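What you are looking at is a predicted structure, and each value in this text was computed from that prediction instead of being measured. Ligands are counted one by one from 1 in listed order, and the atoms in each one are counted from 1 as well.
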Amino acid sequence: MDATDPIRRAIVCTGNSHKVEELALLLDDFVLEPLAAGTKLPPEIGATFLDNARIKAYAGQELHPGSWVIADDSGLSVDALDGAPGVHSARFAGDDATDATNTDLLLQRLDGYAETQLRTARFICVLVAIAPDGTEYLGEGTVEGHIALERSGDAGFGYDPVFIPTGETQSFAELGAEVKARMSHRARAARALSERILQPA
Ligand code: ITT
């Protein structure tokens with residue numbers, strides 16, 4: 001298999017099943033497979049999304065030599081919090097954090113920032129794909145928005161119930177998977193990645 005094959009199998013190097021579901025809607029040229037249940041990825045000690053995506057992708061490549069592997073590192077950057085939680089988005093509320101405790105802490109930290117323009121934020125996603133021959137491909141995407149005063153909606157994961165993309169009045173969790181697949185940070189990163197794989201520089 002190489003970059004010119006129309007359909008490629010790829011292992012998605014993540015412990016987050018929501019990412020696999022979203023990427024499956026986005027990366028049409030791949031048939032995606034999750035890591036085996038219980039697979040441990042190395043600690044994400046990188047300073048950037050790219051560093052951490054590479055850590056996950058190369059760990060996956062070691063486990064699955066000869067396969068395409070894809071890793072996603074992503075998070076939320078809030079202007080009023082100087083870019084936090086950033087690369088620490090998954091563990092903002094500590095090592096035992098859940099989506100619920102992370103979101104509670106975010107809303108608490110933004111207490112007193114009542115106006116929309118004081119609550120601006122963006123989601124960022126970096127995708128790293130490694131081909132069977134070792135060639136690395138990158139895709140990055142962002143979506144601008146703001147943090148709502150309270151949660152709304154049930155779809156998605158993570159901070160989706162409090163993230164309202166620019167131009168919308170509802171959160172990603174209300175807008176749902178189809179809208180997210182059009183305009184999310186992950187959707188934009190996936191488009192950039194696919195273009196690079198199909199038309200390498
Ligand atoms: P892996 O490292 O195993 O891939 P993870 O969930 O820990 O899974 P990250 O380290 O990339 O992944 O952290 C991403 C966190 O950022 C995620 O847990 C959410 O809290 C948040 N996040 C990223 N993308 C998001 C999205 O589309 N919607 C809501 N929150 C998102």
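Taking a cutoff of 4.0 Å between a charged side-chain nitrogen and a carboxylate oxygen, Arg188 and Glu140 do not qualify as a salt bridge.
Shown here are the side chain to side chain donor-acceptor pair (under 3.5 Å) partners of Thr101, two or more places apart in sequence or in another chain: Thr98. For Glu174, the side chain to side chain donor-acceptor pair (under 3.5 Å) test picks out Ser152, with sequence neighbours left out. For the salt bridge (Lys or Arg N to Asp or Glu O under 4.0 Å) test, residues two or more places apart in sequence or in another chain that qualify with Asp104 are Arg151.
Between Gly158 and Asp99, the shortest heavy-atom distance links the atoms N-OD2, 2.9 Å.
Ring geometry, Trp68 versus Tyr137: the interplanar angle falls under 30°, so the pair is classed parallel (tilted spans 30 to 60°).
Protein residues lining ligand 1, listed by chain and number: Thr14, Gly15, Asn16, Lys19, Glu44, Lys56, Asp72, Asp73, Ser74, Gly75, Ser89, Ala90, Phe123, Phe157, Gly158, Tyr159, Asp160, Lys180, His185, Arg186 [non-hydrogen atoms, distance under 4.0 Å].
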